[in-house]
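Below, each value reflects all heavy atoms present in this structure, side chains not excepted, and no hydrogens, waters or symmetry copies. The residues of the chain are indexed from 1 along the displayed sequence.
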Amino acid sequence: MSETILFRGALVEGTTAADVLVDGGVIAEIGPGLSRAGATVVDADGLVLLPGLVDLHTHLREPGYEASETILTGSRAAAAGGYSAVFAMPNTSPVADTAGVVEQELALGEAAGFVTVQPIGAVTVGQKGERLAELGAMADSRARVRVFSDDGFCVWDPLIMRRALEYVKAFDGVIAQHAQDPRLTEGAQMNEGAVSAELGLAGWPAVAEESIIARDVLLAEHVGSRLHVCHLSTAGSVDILRWAKKRGVNVTAEVTPHHLLLTDELVRDYDARFKVNPPLRREEDVLAVREGLADGTIDIVATDHAPHPAEAKACEWHAAANGMVGLESALRVVQQAMVDTGLITWGDVARIMSREPARIGRLAGHGTPLTAGQPASLAFYDPSPRRTFTTDDLRGRSVNSPYLGRELPGDVRWTLHAGTVTVADGAVLNAPGVRA
């Protein structure tokens with residue numbers, strides 16, 4: 001339920017202070033000294049106004065793995081992080097490889113109402129890498145799928161990858177690749193390097209990522225199609241991507257917040273919260289992906305929000321599941337790693353966390369300019385506080401966050417989804433638009 005709200009004094013993308021009038025689900029006016037009889041007035045002095053964030057890589061687990069997350073609980077977590085839209089990855093049960101499953105996910109997202117839930121379809125049937133899924137049927141469905149991925153599994157067969165790239169050209173789709181050579185990572189437990197050698201854990205070499213990216217950018221160039229690289233994590237991958245873009249290849253890439261901040265040194269305590277795929281890398285890789293994000297080589301930040309029940313992490317390192325939750329912490333981590341270090345501005349944050357993800361995913365109504373007449377999907381963020389991140393900050397069903405106990409900056413104060421309030425004064429609402 002949208003309402004008429006007047007936000008006073010917000011810093012538009014961190015620069016000029018302005019009032020923002022939201023009415024009828026859109027930005028009715030934006031500028032100094034606004035007023036509207038009967039509007040709810042909110043003091044937004046000092047808050048950074050951003051377009052509602054868009055996450056191109058979220059695991060919502062439903063259908064099939066509701067013990068970890070549901071579309072409702074994941075949507076609440078997204079709203080808490082300032083998101084107004086998320087793309088739901090297909091590794092569900094059943095796998096999202098048919099029009100029926102993606103339409104079910106879309107309907108569940110609409111019923112929840114906290115964010116736009118845009119399904120991603122699997123590239124291959126069952127994500128098994130053997131034959132193409134119903135790409136055209138998913139594209140023509142009510143879900144209008146435009147992003148396809150076997151995330152969690154690499155589309156390792158070059159012929160199938162080529163055919164997928166060719167197929168999606170017909171409807172301006174994109175293949176989002178999980179770049180991991182399966183033979184080079186058999187039994188891998190962490191990043192291959194000095195720390196893995198000291199700990200005696202099987203290593204996940206950087207070349208396993210880099211070799212797939214190199215192959216796929218050449219395939220994308222050959223067929224003239226769009227390629228997106230999921231959760232890029234190494235310095236070498238940044239170099240390959242930079243080369244491909246200079247060559248004119250139509251390729252985009254994402255980096256996760258955790259690969260911007262955390263390193264493989266955290267594995268020394270065998271805390272399974274830090275087990276993720278691709279693994280946490282070296283400090284040199286962290287610095288390289290930060291540079292790649294700052295100079296535009298890497299296009300966006302995507303969370304790879306991957307919830308798991310407690311028992312999947314409270315076990316021996318080798319048996320623990322890969323993945324971290326990240327929706328509620330993403331903006332805070334980007335502030336710490338990129339904004340506070342002077343590498344990017346808040347305007348850049350709007351680009352890499354809202355506008356570009358929406359553009360890559362061809363998601364209408366999100367990532368729009370902060371101007372009158374545009375949909376009022378907005379985030380109001382306070383960058384000033386610093387406090388310890390705790391389970392109280394998590395709004396999903398799982399608590400496998402790598403940031404618990406770590407001090408992070410910032411706080412999402414208000415989130416709006418198409419004019420409907422989902423977070424009010426820092427509190428996630430029990431139902432969108434309904435405040436006590």
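- For the atom pair CG of L132 and CD of E166, the computed distance is 10.0 Å after rounding to the nearest 0.5 Å.
- Of the possible donor and acceptor atoms, none in the side chain of S237 sits under 3.5 Å from a partner among the backbone N and O of S233.
- Heavy-atom minimum distance, L241 versus T297: CD2-O, 3.0 Å.
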Evaluate F380 against L50 for side chain to side chain contact (heavy atoms under 4.5 Å, CB included), listing each step before the verdict. CA-CA 6 Å; F380 293 84; L50 298 168; over 6 Å; no

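- Between the side chains of E134 and T98, no donor N or O sits under 3.5 Å from an acceptor N or O.
- Within the structure, the side-chain hydrogen bond (donor to acceptor under 3.5 Å, both in side chains) test picks out the following pairs touching residues 244-253 (sequence neighbours left out): E221-R247, H228-T252, K245-D299.
- When side chains are defined from C-beta on, R61 does not count as touching T92, because their heavy atoms never get closer than 4.5 Å.
- Put simply, the side chain of K275 never gets that close to the backbone of G323: no donor and acceptor are under 3.5 Å apart.
- Annotation: side chain of L416 is not in contact with side chain of S377 (no heavy-atom distance under 4.5 Å).
- The backbone N or O of D348 sits less than 3.5 Å from a side-chain atom of T345, completing a donor-acceptor pair.
- A side chain to side chain contact (heavy atoms under 4.5 Å, CB included) with Q177 is found for one member of C154, C230, S149 and no other, namely C154.
- A donor-acceptor pair under 3.5 Å links the side-chain atoms of K169 to the main chain of V223, judged by distance alone.
- A donor-acceptor pair under 3.5 Å is absent between the side-chain atoms of R142 and the main chain of E103, judged by distance alone.
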Kindly determine whether V54 and F87 satisfy side chain to side chain contact (heavy atoms under 4.5 Å, CB included), including the steps that lead there. CA-CA 8 Å; V54 178; F87 284 73; 3.8 Å; yes

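- Classification of D264 and R282 as a salt-bridged pair fails, no side-chain N sitting under 4.0 Å from a carboxylate O.
- Annotation: ring pair (Phe, Tyr, Trp, His ring centres under 6.0 Å) contacts involving residues 329-361, sequence neighbours excluded, comprise W346-Y381.
- T388 and D393 get closest at one heavy-atom pair: O-OD2, 4.0 Å.
- Shortest non-hydrogen contact noted between V117 and S75 is CG2-OG, 3.8 Å.
- For CZ of F171, the number of neighbouring non-hydrogen atoms (other residues, nucleotides, ligands) closer than 6.0 Å is greater than 12.
- Take W317 and apply the ring-ring contact (aromatic ring centres under 6.0 Å, His included) test, not counting sequence neighbours, and it matches no residue.
- Judged purely by distance below 3.5 Å, without hydrogens or angles, the side chains of E316 and H318 never pair a donor atom with an acceptor atom.
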In sequence, state the C-alpha distance, the side-chain angles, and the governing distance for V289 and L232, and then conclude on side chain to side chain contact (heavy atoms under 4.5 Å, CB included). CA-CA 8 Å; V289 296; L232 179 151; 3.8 Å; yes

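- Between the side chain of T422 and the backbone N or O of T415 there is at least one donor-acceptor pair closer than 3.5 Å.
- Under a 3.5 Å cut-off, the side chain of E13 and the backbone N or O of L49 do not form any donor-acceptor pair.
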What's the verdict on side chain to side chain contact (heavy atoms under 4.5 Å, CB included) for I175 and M161, showing C-alpha distance, side-chain angles and the deciding distance? CA-CA 9 Å; I175 301 298; M161 187 64 179; 3.5 Å; yes

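- The shortest distance between side-chain heavy atoms of V339 and P383 does not fall below 4.5 Å.
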Check against side-chain hydrogen bond (donor to acceptor under 3.5 Å, both in side chains), E66 and T70: CA-CA 5 Å; E66 289 85 357; T70 68; over 6 Å; no

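- Sorted pairs that involve residues 237-292 and meet ring pair (Phe, Tyr, Trp, His ring centres under 6.0 Å), not counting sequence neighbours, are lacking altogether.
- In terms of the salt bridge (charged side-chain N to carboxylate O under 4.0 Å, His left out) criterion, residue partners of D239 (sequence neighbours excluded) are, by chain and number, R242.
- With contacts defined as side-chain heavy-atom distances shorter than 4.5 Å, the pair L260/V301 qualifies.
- Considering all non-hydrogen atoms of both residues, R226 and L165 come closest at O-CD2, 3.5 Å.
- Here salt bridge (Lys or Arg N to Asp or Glu O under 4.0 Å) pairs that include residues 203-215, with residues two or more places apart or in two chains, are E209-R281.
- When every heavy atom of L72 is checked against every heavy atom of A112, the shortest pair comes out as CD1-CB, 3.8 Å.
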For residues 78-86, please give each side-chain donor-acceptor pair under 3.5 Å, one per line with the distance, not counting sequence neighbours.
unit_1, atom_1, unit_2, atom_2, d
S84, OG, H366, ND1, 3.2

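- A donor-acceptor pair under 3.5 Å is absent between the side-chain atoms of S354 and the main chain of R351, judged by distance alone.
- For the residue pair D55/T303, the side-chain donor-acceptor check at 3.5 Å is satisfied.
- Atom OG1 of T420 and atom CZ of F114 lie 10.5 Å apart (nearest 0.5 Å).
- A donor-acceptor contact closer than 3.5 angstrom is absent between the side chains of N277 and H231.
- Residue pairs satisfying the side-chain hydrogen bond (donor to acceptor under 3.5 Å, both in side chains) criterion with at least one member in residues 399-409, sequence neighbours excluded, are listed as follows: R386-E407.
- D157 pairs by the salt bridge (charged side-chain N to carboxylate O under 4.0 Å, His left out) definition with nothing, not counting sequence neighbours.
- Atom CZ of R144 has 12 or fewer neighbouring heavy atoms from other residues, nucleotides or ligands inside a 6.0 Å radius.
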Less than 3.5 Å apart, which donor and acceptor atoms pair up between the side chains of residues 198-205 and the rest of the protein, not counting sequence neighbours?
unit_1, atom_1, unit_2, atom_2, d
E198, OE1, R268, NH1, 2.9
E198, OE1, R268, NH2, 3.3

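- A 4.5 Å side-chain heavy-atom check between D304 and D151 finds at least one atom pair inside the cut-off.
- For E69 (side chain) and P307 (main-chain N/O), no donor-acceptor pair under 3.5 Å exists by modelled atom type.
- Remark: D411 engages R332, R387, R413 in a salt bridge (charged side-chain N to carboxylate O under 4.0 Å, His left out) (not counting sequence neighbours).
- Scanning all heavy atoms of the two residues, the minimum distance from R146 to G361 falls at CB-O, 3.9 Å.
- Under the 4.5 Å side-chain criterion, counting only non-hydrogen atoms from C-beta, L378 is in contact with I27.
- V174 has its side chain out of reach of L227: every pair of non-hydrogen atoms, C-beta onward, lies at least 4.5 Å apart.
- Between the side chain of Q118 and the backbone N or O of L106 there is no donor-acceptor pair closer than 3.5 Å.
- Taking the six-membered ring for Trp and the full ring otherwise, the centers of H57 and H305 sit at least 6.0 Å from each other.
- Within the 4.5 Å cutoff, side-chain heavy atoms of Q336 are placed close to those of L261.
- A salt bridge does not link R183 to D181: none of the charged side-chain nitrogens sits closer than 4.0 Å to a carboxylate oxygen.
- Annotation: side-chain hydrogen bond (donor to acceptor under 3.5 Å, both in side chains) contacts involving residues 119-130, sequence neighbours excluded, comprise T124-D150.
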